[in-house]
K.L.:
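Following this message is one structure expressed as C-alpha cells.
Chain A is the first sequence line, chain B the second, and so forth, proteins listed ahead of strands; every chain is numbered from 1. What's counted below: heavy atoms across the whole structure, side chains too, no hydrogens, waters or symmetry copies.
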Amino acid sequence: MDDQPRLMHAHAAVGMSGHPGLSQHIQDNTGATDGDGRKQDIGDILQQIMTITDQSLDEAQARKHALNCHRMKPALFNVLCDVKEKTVLSIRGAQEEESPDAQLMRLDNMLLAEGVSGPEKGGGAAAAAAAAAASAGVGADNATEHSDYRAKLTQIRQIYHTELEKYEQACNEFTTHVMNLLREQSRTRPISPKEIERMVNIIHRKFSSIQMQLKQSTCEAFMILRSRFLDARRKRRNFNKQATEILNEYFYSHLSNPYPSEEAKEELAKKCSITMSQVSNWFGNKRIRYKKNIGKFQEEANIYAARTAVSAASVSAHGSQTNSPSTPNSAGGYPSPCYQPDRRIQ
DNA sequence: AAATATGATTCGGA
DNA sequence: TCCGAATCATATTT
C-alpha cells in the first residue's frame, strides 16, 4: 500500500497519453475471442511482466504502454481478477457485522428524538419542556435557566453537526482519493470495479464507526445536560414570598392536622403557582422540621395564628360565622403554639 | 467563608 | 401510595 503514490505517479505519464479507462477494455472484449494463440500470448505477456523489473524506468514505461495496448490485455486482466477474487477476496468476504448498524440506529433515533439532530431550532423535547414550565409558573423566574439550557443544547447540536460534516467530508475525500488511486492502478494491476466497491464499503464502515463514536459522545453530553437540567436540586429556587405565606397560613391554621387533602393541595398549588408535589414536599418538610424544633417556629406560628385569628374575626364580624373549618386550635396558641402531637407527628 | 434555610430526593415502613 | 426520616444540593444569611 505504501508504494502506491509512486506507482500512480509513474503511471500518470502513461495514463495521460490517451488511454481509455480499463472498464472500457473489459466491456468490449473483442480481442479475446480467437482461442488458438491465446496460451502463447499470455505466456508472452507474463514473460514480459516478469522481466519488466529488470528494465530501466523509461523502458518499463514503454513496455507498460505496449502491454496496455496489447489486444489480449483485457482478457488477461479478467483472468487475473478472477484469480484474485477466488483466492484473496473470498477469504475475507462474508464477515459482515450488523450489530453496529442497529446501535447506530438507536443513537440516531435518540438524537432525533431529543432534538439534537434532525430539523434545526427549538428541538421538540426542549421546546415542550420550556413551554410547559413557562405556562405553569413564574415565567421570568426560570426563563434564564431555560435559555441557558437551550443555549447549551444548541451548542451541543452545533458541535455535533460541524463534526459530522467534517467526518462526512473527510470520508468523501478519502473515498474519492482511494477510488482514484485504485482506478489508476487498475490499469496495471488486476483490480476489478467490484473490488473497488468493496474497498469503498470498508472505508465507509470505518468512518461510520467513527461517526458512531461522535454520536455516542453527543448522546452522553446531552444526557448529562438533561440530568443537570432535570435534577431540580441543582437549581433549587425558593418559593416566592407570597407562596410561602399561603403555605404557612394553611399549615399553622391546620396545625392539629397539617395534612392537606388532595383537593386542598390542588388549591394550594394553584394559589402558589407550584405543582402539587411541591406542595406535598413543602408540607412534608415543614412537618418534620416543625416537629424537630418547635421552639424555633414559635414566632412564626404566633404570627400566622394571629393573622388567622384576625381574619376569622373579620369574617365573624361580617356575620356569616360558618364555624370556620380552618381554625381548629390555633386561634390563641401563644407560648407553645399548641401543636398537639395527637394526630401524626410524634 | 461558615452557618443556616430550604426545596427535592431517597428509603423503609405501614 | 403516602408518610417520616435522613440526606443532598443549592440558596440565603450571618
K.L.:
For A:Lys265, check salt bridge (charged side-chain N to carboxylate O under 4.0 Å, His left out) against everything at least two apart and list the hits.
P.N.:
none
K.L.:
I need the CD-P distance between A:Gln278 and B:dG7, as an integer number of Å.
P.N.:
9 Å
K.L.:
Tell me, do A:Arg183 and A:Ile196 make a side-chain contact under 4.5 Å, heavy atoms counted?
P.N.:
yes
K.L.:
Could you run down the sub-3.5 Å N/O contacts of the protein with nucleotides 3-6 of chain B?
P.N.:
{"unit_1": "B:dT6", "atom_1": "O2", "unit_2": "A:Arg236", "atom_2": "NE", "d": "2.8"}
{"unit_1": "B:dT6", "atom_1": "O2", "unit_2": "A:Arg236", "atom_2": "NH1", "d": "3.3"}
{"unit_1": "B:dT6", "atom_1": "O2", "unit_2": "A:Arg236", "atom_2": "NH2", "d": "3.0"}

K.L.:
C:dT1 C1' sits how many Å from A:Lys265 NZ, rounded?
P.N.:
10 Å
K.L.:
OH of A:Tyr259 versus P of B:dA14: gap in Å, rounded?
P.N.:
16 Å
K.L.:
May I ask whether A:Ile303 and A:Tyr252 are part of the same hydrophobic cluster, defined by side-chain heavy atoms of I, L, V, M, F, W, Y residues being less than 4.5 angstrom apart, directly or through others?
P.N.:
no
K.L.:
So which nucleotide from C:dC3, C:dA5, B:dG7 ends up closest to the side chain of A:Asn285?
P.N.:
B:dG7
K.L.:
Output the rounded distance in Å from NZ (A:Lys241) to P (C:dA11).
P.N.:
19 Å
K.L.:
Looking at every non-hydrogen atom in both residues, tell me the closest pair between A:Thr175 and A:Cys171 and how far apart they are.
P.N.:
OG1-O, 2.6 Å
K.L.:
Using the C1' atoms of five pairs at each end, what's the angle between the two axes of the helix from B:dA1-C:dT14 to B:dA14-C:dT1, to 10 degrees?
P.N.:
0°
K.L.:
In chain order, what residues pass the salt bridge (charged side-chain N to carboxylate O under 4.0 Å, His left out) check against A:Glu267, with sequence neighbours excluded?
P.N.:
A:Lys271
K.L.:
Tell me every residue that passes ring pair (Phe, Tyr, Trp, His ring centres under 6.0 Å) with A:Phe239, counting only those two or more places apart in sequence or in another chain.
P.N.:
none
K.L.:
Same cluster for A:Phe251 and A:Met276 if Ile/Leu/Val/Met/Phe/Trp/Tyr side chains link at under 4.5 Å?
P.N.:
no
K.L.:
Once you round it to whole Å, what is the distance between P of B:dT9 and CG of A:Asn281?
P.N.:
7 Å
K.L.:
Residues in ring pair (Phe, Tyr, Trp, His ring centres under 6.0 Å) with A:Phe207, at least two apart?
P.N.:
none
K.L.:
Output the rounded distance in Å from CZ (A:Phe283) to P (C:dA5).
P.N.:
17 Å
